[in-house]
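Structure first, commentary second.
Proteins get letters first, then strands, A, B, ... in listed order; numbering begins at 1 in each. What you see below is based on every heavy atom in this structure, not just the backbone, and it leaves out hydrogens, waters and symmetry mates.
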There are 2 protein chains.
Amino acid sequence: MDISARTDYAIRALLSLAAAHRSGSTSLSAESLAREQDLPRKFLEAILADLRRGGLVVSQRGSAGGYRLALPAEELTLGMVVRTVDGPLAEVRGLRPHQTAYEGVAQHLPVVWVALRASMRHVLDGVTLADLVTGELPDHVRGLAEEPDAWLPR
Amino acid sequence: MDISARTDYAIRALLSLAAAHRSGSTSLSAESLAREQDLPRKFLEAILADLRRGGLVVSQRGSAGGYRLALPAEELTLGMVVRTVDGPLAEVRGLRPHQTAYEGVAQHLPVVWVALRASMRHVLDGVTLADLVTGELPDHVRGLAEEPDAWLPR
DNA sequence: ATATTCCCTATCAATTCGATAGGGAATATC
DNA sequence: GATATTCCCTATCGAATTGATAGGGAATAT
């Protein structure tokens with residue numbers, strides 16, 4: 001699993017938009033988003049373009065232009081962000097988990113890959129931008145993070 | 001999440017070793033492992049070298065040489081294989097999940113990353129080579145794979 | 001001796017990743 | 001209607017990663 005800089009930056013910019021929206025602001029420029037979360041502006045512009053094409057944000061050009069969320073923050077999950085900027089949550093040798101197939105002794109492997117993806121979905125599709133802004137994460141996510149060794153390397 | 005070809009090949013070769021061991025064979029050559037699972041021999045040799053350095057297999061040179069598991073198949077998990085050939089299970093911009101830190105509105109993100117890693121650990125550290133050879137996967141893994149939409153793309 | 005097999009280093013092409021450059025198109029404001 | 005602002009598009013870049021092969025040296029069983 002590698003959460004890329006692209007995904008990390010996308011989420012942080014969207015969180016800024018979600019928070020700004022609650023405070024009544026209309027839209028934020030790429031410039032101000034980059035400043036607020038300390039992100040490389042040009043790179044962020046490219047990511048925001050992906051988010052717009054993916055329908056997660058809407059943009060407005062011109063003087064008072066900028067970006068705002070295309071959906072309520074309560075309906076935007078981290079899974080949607082990952083898929084929009086980085087593609088499928090999980091792949092095995094470039095294949096989707098459910099498309100893998102093996103001969104002989106490895107025949108049961110696809111079950112594991114599908115289970116792995118399902119476990120990732122439970123986390124990433126269960127957390128919304130609104131959850132993160134308020135800090136009130138779903139119980140099962142909080143539970144995972146509170147397990148005894150969760151914060152230790154292995 | 002990307003399960004690389006390296007990891008996929010490593011697991012399949014190790015499964016062959018695990019199965020061969022139950023059938024009483026002593027060791028298998030890189031050549032025969034490559035043939036059995038249809039893997040590129042030279043590439044597999046490089047992966048087996050990593051597995052040996054990582055202490056997951058032991059090797060023997062010479063005529064009747066080859067590789068065998070360094071531990072019982074019941075004690076070898078997929079997580080151990082992934083970490084040996086591809087490094088940490090989960091990383092965020094090259095950082096371990098518990099090492100991430102954010103300012104402002106993104107401050108709660110590390111909880112999500114740690115939860116995500118924990119959920120992956122539950123699957124990958126819970127499945128052993130022996131489980132896969134017999135097809136008897138742990139209940140919670142089987143449960144994840146049996147969820148209604150687990151085999152559907154999203 | 002010899003055939004076998006692991007082992008080590010180097011190299012490769014293709015792709016991805018993170019990032020920047022430069023300028024065109026829309027738009028609000030004065 | 002000129003101007004400043006801001007998004008938008010294409011191209012490019014270096015570095016790293018990925019998947020893989022080549023070639024030959026070192027150990028070992030027969």
Side-chain angles (χ1 to χ4, degrees), chain A residues 1-13 17 25-70 82 85-88 91-95, chain B residues 1-13 17 20 25-68 70 82 85-88 91-95:
Chain A
M1 176 71 204
D2 268 11
I3 296 292
S4 65
R6 286 178 64 78
T7 292
D8 186 69
Y9 295 173
I11 292 171
R12 289 158 68 187
L17 292 181
S25 113
T26 52
S27 61
L28 291 181
S29 67
E31 174 66 32
S32 62
L33 290 169
R35 207 171 337 103
E36 191 164 330
Q37 279 287 314
D38 194 26
L39 310 175
R41 182 183 130 258
K42 273 300 202 179
F43 192 25
L44 178 60
E45 270 190 43
I47 296 166
L48 286 165
D50 284 341
L51 292 173
R52 179 183 49 80
R53 289 183 210 108
L56 304 204
V57 302
V58 291
S59 61
Q60 171 84 20
R61 294 206 254 202
S63 303
Y67 300 87
R68 38 183 237 282
L69 299 183
V82 173
V85 303
D86 260 347
E91 289 189 324
V92 180
R93 267 180 309 127
L95 295 175
Chain B
M1 174 73 206
D2 268 11
I3 296 292
S4 64
R6 288 178 63 77
T7 291
D8 186 69
Y9 295 172
I11 291 171
R12 288 158 68 186
L17 290 181
S25 111
T26 53
S27 62
L28 291 182
S29 68
E31 174 65 33
S32 62
L33 289 169
R35 207 174 333 105
E36 190 163 330
Q37 279 288 315
D38 194 25
L39 311 176
R41 182 182 130 258
K42 273 298 201 180
F43 192 25
L44 178 60
E45 272 191 42
I47 296 166
L48 287 165
D50 284 342
L51 292 173
R52 179 182 49 79
R53 290 183 211 107
L56 304 204
V57 301
V58 292
S59 61
Q60 172 84 20
R61 294 205 255 204
S63 302
Y67 300 86
R68 37 184 238 280
V82 173
V85 304
D86 260 346
E91 287 188 324
V92 180
R93 267 179 310 128
L95 295 174

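- A pairwise comparison of heavy atoms in Leu48(A) and Ala30(A) identifies CD1-CB, 3.9 Å as the closest pair.
- In the region residues 34-46 of chain B, proximity to DNA chain D at under 4.0 angstrom, judged on heavy atoms, holds for Pro40(B), Lys42(B), Phe43(B).
- Legend: residues meeting side-chain hydrogen bond (donor to acceptor under 3.5 Å, both in side chains) with Ser29(A), ordered by chain and number and at least two apart, are Ser32(A).
- Atom CD1 of Ile3(A) sits about 12.5 Å away from atom CG of Leu95(B), to the nearest 0.5 Å.
- Computed from coordinates, the Arg6(A) CZ to dT15(C) C1' distance equals 15 Å when rounded to whole Å.
- A pairwise comparison of heavy atoms in Ser27(B) and Gly65(B) identifies OG-O, 3.6 Å as the closest pair.
- Annotated stems with DNA chain D as a participant read C:1-30 with D:1-30, given as range with range, by first number; only runs of 3 or more Watson-Crick or G-U pairs under 3.5 Å qualify.
- Across all non-hydrogen atoms, the minimal contact from Gly55(A) to Ala70(A) is O-CB, 3.3 Å.
- The list of side-chain hydrogen bond (donor to acceptor under 3.5 Å, both in side chains) pairs with a residue in residues 59-68 of chain A, not counting sequence neighbours, is empty.
- Across the interface with DNA chain C, nearest-nucleotide mapping of Ala5(A) and Ser63(B) shows Ser63(B) to be the residue nearer the 5′ end.
- Residue pairs meeting the ring pair (Phe, Tyr, Trp, His ring centres under 6.0 Å) criterion with at least one member in residues 44-65 of chain A, sequence neighbours excluded, do not occur.
- Nucleotides of DNA chain D lying under 4.0 Å from heavy atoms of chain B occupy a range whose first and last members, 5' to 3', are dG19(D) to dA29(D).
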Without placing hydrogens or testing angles, list every side-chain donor-acceptor pair under 3.5 Å for residues 6-13 of chain A, not counting sequence neighbours.
unit_1   : atom_1 : unit_2    : atom_2 : d
Arg6(A)  : NE     : Val85(A)  : O      : 3.3
Arg6(A)  : NH2    : Asp50(A)  : OD2    : 2.1
Thr7(A)  : OG1    : Asp86(A)  : OD2    : 2.9
Asp8(A)  : OD1    : Tyr102(B) : OH     : 2.5
Asp8(A)  : OD2    : Arg12(A)  : NH1    : 2.9
Asp8(A)  : OD2    : Arg93(B)  : NE     : 2.9
Arg12(A) : NE     : Gln37(A)  : OE1    : 2.9
Arg12(A) : NH2    : Gln37(A)  : O      : 2.8

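- If you check residues 49-62 of chain A against DNA chain D, the residues with a heavy atom closer than 4.0 Å are Arg52(A), Arg53(A), Ser59(A), Gln60(A), Arg61(A), Gly62(A), listed by number.
- In this structure, Leu39(A) and Leu33(A) have side chains that are not in contact, with every pair of non-hydrogen atoms separated by 4.5 Å or more.
- Thr26(B) pairs by the side chain to side chain contact (heavy atoms under 4.5 Å, CB included) definition with nothing, not counting sequence neighbours.
- Under the side-chain hydrogen bond (donor to acceptor under 3.5 Å, both in side chains) criterion, Glu45(B) pairs with Arg41(B), sequence neighbours left out.
- Atoms CD1 (Ile3(A)) and P (dG18(C)) sit 11 Å apart, rounded to a whole Å.
- One distance of note links CG of Leu44(A) with CD of Glu31(A); it measures 10.0 Å at 0.5 Å rounding.
- If you take CZ on Arg52(A) and CD1 on Ile47(A), they are separated by 14.0 Å, rounding to the nearest 0.5 Å.
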